[in-house]
Amino acid sequence: MIGLAMMLAVSAMQPITSPPARAGQCRWVRGRYRVYNGSSIRRIWIIGTTRIVAMRDDDPHEPPMIRKHGVPRNSLYGQFLICACERSRPGHMQHVRITATKNIAVVRDRHLGEPRQTAKN
(Lines give C-alpha, C1' and ligand atoms only; values in the text may rest on other atoms or scores of the structure.)
Protein backbone atom coordinates (compact mmCIF):
# COMPACT_ATOMS: atom_id res chain seq x y z
CA MET A 1 0.00 0.00 0.00
CA ILE A 2 2.84 2.39 0.84
CA GLY A 3 4.59 1.48 -2.43
CA LEU A 4 1.46 2.34 -4.40
CA ALA A 5 1.14 5.69 -2.62
CA MET A 6 4.80 6.46 -3.40
CA MET A 7 4.33 5.61 -7.08
CA LEU A 8 1.24 7.83 -7.29
CA ALA A 9 3.09 10.72 -5.61
CA VAL A 10 6.04 10.44 -8.01
CA SER A 11 3.80 10.18 -11.08
CA ALA A 12 1.88 13.28 -9.95
CA MET A 13 5.13 15.28 -9.98
CA GLN A 14 6.05 14.20 -13.53
CA PRO A 15 4.62 16.32 -16.36
CA ILE A 16 2.06 14.55 -18.51
CA THR A 17 2.95 14.29 -22.19
CA SER A 18 -0.55 14.74 -23.58
CA PRO A 19 -2.76 17.82 -23.58
CA PRO A 20 -6.07 17.89 -21.67
CA ALA A 21 -8.79 15.99 -23.53
CA ARG A 22 -11.80 18.17 -22.67
CA ALA A 23 -12.44 21.90 -22.48
CA GLY A 24 -11.75 23.24 -19.00
CA GLN A 25 -9.29 20.50 -18.01
CA CYS A 26 -5.75 21.55 -17.06
CA ARG A 27 -2.47 19.59 -17.14
CA TRP A 28 1.25 20.18 -16.74
CA VAL A 29 3.17 19.36 -19.92
CA ARG A 30 6.85 19.55 -20.79
CA GLY A 31 7.37 21.40 -24.03
CA ARG A 32 8.82 24.15 -26.20
CA TYR A 33 6.98 27.45 -26.60
CA ARG A 34 7.65 29.45 -29.78
CA VAL A 35 6.09 32.24 -31.79
CA TYR A 36 5.45 31.37 -35.46
CA ASN A 37 4.02 33.09 -38.52
CA GLY A 38 0.39 32.60 -39.52
CA SER A 39 -2.72 32.05 -37.44
CA SER A 40 -2.44 30.74 -33.87
CA ILE A 41 1.13 31.94 -33.88
CA ARG A 42 1.92 31.12 -30.24
CA ARG A 43 2.39 27.35 -29.96
CA ILE A 44 3.76 24.66 -27.65
CA TRP A 45 5.26 21.46 -28.98
CA ILE A 46 4.76 18.79 -26.31
CA ILE A 47 8.14 17.06 -26.01
CA GLY A 48 8.05 13.33 -26.68
CA THR A 49 5.05 13.62 -29.01
CA THR A 50 4.15 15.05 -32.39
CA ARG A 51 1.41 17.09 -30.70
CA ILE A 52 1.33 20.89 -30.97
CA VAL A 53 -1.15 23.06 -29.07
CA ALA A 54 -1.82 26.75 -29.69
CA MET A 55 -2.77 29.78 -27.64
CA ARG A 56 -5.46 32.10 -28.95
CA ASP A 57 -3.95 35.26 -30.41
CA ASP A 58 -6.29 37.49 -28.41
CA ASP A 59 -5.66 35.87 -24.99
CA PRO A 60 -4.61 38.67 -22.60
CA HIS A 61 -3.87 36.32 -19.67
CA GLU A 62 -0.29 35.04 -19.82
CA PRO A 63 2.18 34.14 -17.11
CA PRO A 64 4.89 36.82 -16.65
CA MET A 65 7.62 34.54 -18.07
CA ILE A 66 5.72 34.18 -21.36
CA ARG A 67 4.98 37.91 -21.53
CA LYS A 68 8.63 38.79 -20.93
CA HIS A 69 10.47 36.18 -23.03
CA GLY A 70 7.85 34.71 -25.41
CA VAL A 71 8.88 36.74 -28.42
CA PRO A 72 9.93 35.79 -31.96
CA ARG A 73 13.51 34.45 -32.05
CA ASN A 74 13.15 32.92 -28.54
CA SER A 75 12.27 29.34 -27.65
CA LEU A 76 11.09 28.62 -24.10
CA TYR A 77 11.72 25.07 -22.86
CA GLY A 78 10.16 23.89 -19.61
CA GLN A 79 6.92 22.92 -17.95
CA PHE A 80 3.65 24.63 -18.79
CA LEU A 81 0.29 24.33 -17.03
CA ILE A 82 -2.15 24.41 -19.94
CA CYS A 83 -5.95 24.49 -19.78
CA ALA A 84 -7.97 23.39 -22.79
CA CYS A 85 -10.28 25.94 -24.42
CA GLU A 86 -11.83 23.21 -26.59
CA ARG A 87 -11.86 19.43 -26.73
CA SER A 88 -8.92 17.57 -28.23
CA ARG A 89 -9.51 16.22 -31.76
CA PRO A 90 -7.04 13.98 -33.60
CA GLY A 91 -5.38 15.79 -36.51
CA HIS A 92 -6.34 19.27 -35.26
CA MET A 93 -4.36 21.83 -33.28
CA GLN A 94 -6.07 22.30 -29.92
CA HIS A 95 -6.42 25.80 -28.43
CA VAL A 96 -5.24 26.10 -24.83
CA ARG A 97 -4.45 28.77 -22.26
CA ILE A 98 -1.15 28.81 -20.36
CA THR A 99 -1.89 29.47 -16.69
CA ALA A 100 1.55 28.84 -15.14
CA THR A 101 5.15 27.95 -16.00
CA LYS A 102 8.09 26.45 -14.15
CA ASN A 103 11.69 25.46 -14.87
CA ILE A 104 11.78 27.61 -18.02
CA ALA A 105 14.98 27.93 -20.06
CA VAL A 106 15.05 30.71 -22.65
CA VAL A 107 17.01 29.87 -25.80
CA ARG A 108 17.54 32.59 -28.37
CA ASP A 109 17.09 31.09 -31.83
CA ARG A 110 20.15 31.70 -33.92
CA HIS A 111 20.45 32.60 -37.52
CA LEU A 112 23.34 31.71 -39.78
CA GLY A 113 26.62 32.77 -38.21
CA GLU A 114 25.19 33.66 -34.78
CA PRO A 115 26.29 31.79 -31.62
CA ARG A 116 23.59 30.15 -29.46
CA GLN A 117 22.69 31.97 -26.22
CA THR A 118 20.77 30.52 -23.28
CA ALA A 119 19.41 31.87 -20.02
CA LYS A 120 17.66 30.12 -17.09
CA ASN A 121 15.18 31.42 -14.55
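Computed from a predicted model, the values in this text were never measured in an experiment.
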**Request:** Calculate, to the nearest 0.5 Å, the distance between atoms CZ and NE2 belonging to R67 and H61 respectively.
**Result:** 10.0 Å
**Asked** What heavy-atom pair brings C83 and T99 nearest, and what distance separates the two atoms?
**Response** SG-CG2, 3.7 Å
**Item:** side-chain contact (heavy atoms from CB on, under 4.5 Å) between I98 and I44, intermediate numbers included
**Value:** CA-CA 10 Å; I98 301 173; I44 296 175; 3.7 Å; yes
**Item:** R87 side, atom CZ; Q25 side, atom CD - distance, nearest 0.5 Å
**Value:** 13.0 Å
**Request:** List the atom of C85, the atom of V96, and the distance in Å for their closest heavy-atom pair.
**Result:** SG-C, 3.8 Å
**Asked** Are the side chains of F80 and I46 in touch, meaning some heavy atoms are under 4.5 Å apart?
**Response** no
**Step-by-step side-chain contact (heavy atoms from CB on, under 4.5 Å) determination, H92 to E86** = CA-CA 11 Å; H92 292 81; E86 59 192 16; over 6 Å; no
**Asked** Hey, does R34 have a side-chain heavy atom less than 4.5 Å from the side chain of R43?
**Response** no
**Prompt:** What are the two closest heavy atoms between Y77 and R32, and how far apart are they?
**Reply:** OH-CD, 3.2 Å
**Message:** Within the structure provided, determine whether M65 and V106 are in side-chain contact (heavy-atom separation under 4.5 Å).
**Reply:** yes
**Prompt:** Going only through I, L, V, M, F, W and Y residues with side-chain contacts under 4.5 Å, is there a path from I82 to I41?
**Reply:** yes
**Complete:** Taking every heavy atom of M55 against every heavy atom of Y33, the minimum-distance pair comes out as CE-CE1, 3.7 Å
**Asked** Where do A100 and P63 come nearest, in terms of heavy atoms and distance?
**Response** N-CG, 3.8 Å
**Item:** Whether N74 side chain and H69 backbone form a donor-acceptor pair below 3.5 Å
**Value:** yes
**Asked** Honestly curious: do Y36 and I52 fall in one hydrophobic cluster under the side-chain, below-4.5 Å linking rule?
**Response** no
